Amino acid sequence: MKILVCISNVPDTTAKISFTDNDTKFNKTGVQFIIGPYDDYALARAVELKEQHGGTVTVLNVGESESDPQLRKALAIGADDAIRVNTEPTDSYFVAAQIAHIASQNSYDLILMGRESIDFNSGVVHGLVGEMLGIASYSPVMKLDITGNEAKFAREIDGGKEHLSAALPLVLGCQEPIAEWKIPNMRGIMTARTKSLAVVEPVSVDDSTVLEKYALPAPKGSCRMIPAEEAEQLIALLKTEAKVL
Amino acid sequence: MTDFYSIDDLLSEENRLIRQTVAEFTAKEIKPIIESFAQKAEFPQHLIRRFGDLGLLGITMPVEYGGTQADYISYGLVCQEIERGDSGMRSTLSVQHSLVMWPILHFGTSEQKNKFLPGLASGDLLGCFGLTEPDHGSNPAGMTTHFIEKEDYYVLNGAKTWISNAPLADLAVVWARNPNGRIQGLIVERGMEGFTTPEIKGKWSLRASATGELIFADVRIPKENLLPEGLGLSAPLKCLDQARYGIAWGAIGAAIDCYETAVQYASERIQFGKPIAGFQLTQKKLAEMLTEITKAQLVAWRLGVLMNEKRATTAQISLAKRNNVAMALQVARESRQILGGMGITGEFPIMRHLMNLESVVTYEGTHDIHLLILGAEITGIQAFK
């Protein structure tokens with residue numbers, strides 16, 4: 001079985017977010033980058049499936065060289081080889097087009113990624129990739145097993161789960177508890193440098209969106225305590241001041 | 001992570017990934033449980049296998065014996081990140097790596113290496129190191145533990161004390177006088193008749209690490225358990241160089257954990273209407289801590305480069321061990337003051353680090369002995385006796 005896992009290179013969840021150049025560029029100074037947490041679940045399940053069924057896991061990132069430590073980590077966790085499409089990931093359509101191009105050159109049985117990245121959180125790349133390749137895609141997948149040419153998986157829906165089966169190939173957006181995040185062992189880290197990390201140039205894609213500017217949420221206001229016996233005042237404030245009722 | 005001088009930039013990609021990985025492991029598997037084990041004075045034995053799974057126990061050992069074959073900076077970073085959790089856990093790891101596996105690798109036969117090293121690397125076996133005796137601590141040359149030769153075995157008699165891992169160890173690398181009066185290593189295995197390992201109880205330091213004695217009463221040791229290479233006191237002292245190197249890094253981990261706790265606490269604790277971080281005396285403490293941690297990081301990094309190049313000397317290792325542990329102890333004490341009464345509780349790691357470091361400043365060459373090693377290096381005159 002050939003599995004492609006797409007990972008994003010995202011700021012650590014505790015990173016302080018700020019912008020430069022008139023709020024048009026994300027300020028990377030002092031920011032620690034990590035594998036997108038949802039992508040990390042997809043990678044962990046891919047490595048488990050390889051251990052069960054054999055085959056290969058290729059890890060793919062659309063990004064610049066700052067993503068290489070994350071690709072090396074994925075190789076240390078158990079991916080067999082890595083591909084980086086050497087370009088700045090500008091929007092979901094652009095990223096999906098790059099992934100689809102790589103996938104069309106290799107016949108992968110499964111294309112896994114996180115349900116969404118945790119930087120821009122658009123959550124549409126898996127659907128776009130499936131559409132571009134003409135194969136089915138599902139998200140968010142929280143359980144996945146493979147028998148022969150068939151995948152059995154569970155998808156989170158409002159108030160419950162949907163159990164599905166479908167023939168491979170598939171594109172799946174993953175989330176917990178599909179697998180537990182894996183910590184690479186030291187031997188994996190040492191052998192990661194001997195594995196292939198191919199850097200390929202992007203295919204041309206027309207700009208579909210243009211970034212105008214970023215904005216941070218308004219700072220949290222101070223907390224005002226209303227005594228329980230003045231519930232009517234609280235309701236009035238929620239209506240007139242907070243305007244949430 | 002405290003890295004004021006961007007020392008990360010001096011590390012290789014593997015070094016950084018190893019540091020980050022062990023940091024995640026410590027956060028996930030050591031920090032949540034260690035306070036409770038320390039309070040109960042219990043050793044979290046399950047962690048040995050986890051250290052083995054991750055490849056930490058044989059971090060510099062050859063791959064053919066189950067090791068990771070990483071460099072000395074990686075070994076240092078492993079010690080640092082584990083000791084951010086607890087000095088006792090780092091002690092267990094450095095004993096296994098530097099004082100058990102290292103002498104077997106360098107002084108043992110190929111049969112001994114094949115028999116013991118893979119199990120020690122995986123954590124299936126736990127080892128300990130017997131050098132210190134009840135009457136011979138800083139002066140190991142005076143040791144009285146000895147063995148005599150019989151037909152096809154040796155008979156070992158004597159006692160060792162203050163031995164980390166002893167109560168649970170499957171084997172001990174023991175240094176004793178051979179029939180010619182010279183110091184030589186033996187591998188003593190649990191179950192050999194006359195070999196017992198009573199635990200030292202009531203410690204107020206390294207409470208989550210098991211410490212004990214090794215008692216040898218006419219223990220029959222098969223001849224194949226003698227370490228043939230490395231005769232004389234220099235052999236165990238070379239092992240100590242390896243372990244002291246790891247301690248020099250490990251202590252930084254304990255210091256960073258205390259410092260980062262103190263910074264956070266000082267930013268949140270309000271007195272006289274503002275965070276105590278806003279007072280000059282608190283800032284003085286924090287600024288001095290960061291300065292000393294940064295200096296210690298640079299010492300450790302440079303020493304790691306010298307270790308990789310096989311150029312580090314015993315005196316250079318002494319300087320790093322002595323400086324960095326004393327630094328960590330001072331940082332722990334100052335952090336404890338910043339936390340006030342909260343600093344003595346198990347809600348925060350500081351008092352545990354502080355008590356642990358009182359052992360670390362004494363074991364593997366006391367603070368004063370390392371000073372005398374440096375004194376002898378500077379002047380050419382030994383002042384030990």
Side-chain angles (χ1 to χ4, degrees), chain A residues 7 9-16 28-37 40-41 43-44 47-48 51 59 61 64-79 82 84 176-177 179-197 199 222-223, chain B residues 1-6 8-9 11-30 47 49-79 81-82 93 97 118 121-123 260 264:
Chain A
I7 64 168
N9 179 48
V10 298
D12 188 11
T13 49
T14 58
K16 289 201 173 100
K28 293 177 183 172
T29 310
V31 172
Q32 175 91 28
F33 283 83
I34 58 171
I35 297 175
D40 222 352
Y41 288 119
L43 174 66
V47 170
E48 289 171 0
E51 284 165 3
V59 63
N61 169 259
E64 294 172 313
S65 61
E66 64 201 16
S67 299
D68 286 352
Q70 272 52 264
L71 287 169
R72 286 280 174 219
K73 182 177 180 185
L75 292 170
I77 285 172
R84 178 166 63 78
E176 74 282 12
E180 276 196 33
W181 285 328
K182 293 196 183 306
I183 294 179
N185 69 26
M186 300 297 116
R187 184 77 66 76
I189 292 172
M190 297 305 287
T191 52
R193 68 176 149 186
T194 64
K195 295 180 178 175
S196 159
L197 194 170
V199 178
S222 55
C223 176
Chain B
M1 175 36 211
T2 301
D3 182 14
F4 195 60
Y5 265 32
S6 302
D8 244 25
D9 295 351
L11 306 179
S12 71
E13 200 173 301
E14 280 93 30
N15 291 155
R16 280 196 286 268
L17 189 46
I18 285 172
R19 182 181 57 66
Q20 183 193 334
T21 301
V22 182
E24 276 175 39
F25 171 78
T26 298
K28 192 174 162 196
E29 300 200 29
I30 298 182
L47 285 178
R49 194 62 68 90
R50 294 294 294 125
F51 289 161
D53 291 343
L54 273 183
L56 306 180
L57 296 171
I59 184 78
T60 71
M61 297 292 138
V63 169
E64 62 178 303
Y65 298 119
T68 300
Q69 215 166 318
D71 68 353
Y72 273 94
I73 303 260
S74 299
Y75 174 39
L77 290 164
V78 167
C79 289
E81 293 307 318
I82 296 291
L93 188 142
H97 172 274
S122 68
E260 290 181 350
Q264 188 178 346

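In what follows, every chain begins at residue 1, and chains take the letters A, B, ... in the order their sequences are listed. This is a predicted model, so every value here is computed, not measured.
- With a 4.5 angstrom heavy-atom cutoff, A:A76 touches chain B only via side-chain atoms.
- Here A:D40 does not pair with A:K182 in a salt bridge; the nearest charged N to carboxylate O distance is not below 4.0 Å.
- Contact check on B:D8 versus B:R16 returns no salt bridge, with no Lys/Arg side-chain nitrogen under 4.0 Å from an Asp/Glu carboxylate oxygen.
- Looking at B:Q69, only its backbone comes within 4.5 Å of chain A, counting heavy atoms on both sides.
- In this structure, B:E24 pairs ionically with A:K73, as a charged nitrogen and a carboxylate oxygen lie closer than 4.0 Å.
- For the options B:V22, B:I18, B:D53, heavy-atom pairs under 4.5 Å to chain A are most numerous at B:I18.
- For B:Q264, the CD atom is loosely surrounded, since the number of other residues' heavy atoms within 6.0 Å does not exceed 12.
- Looking at B:E13, the atoms closer than 4.5 Å to chain A (heavy atoms on both sides) all sit in the side chain, from C-beta outward.
- Salt-bridge check for B:E14 with A:R72: failed, with every basic side-chain N at 4.0 Å or more from each acidic carboxylate O.
- Each of B:T68, B:V63, B:I59 has some count of heavy-atom pairs under 4.5 Å with chain A, and the biggest count is that of B:T68.
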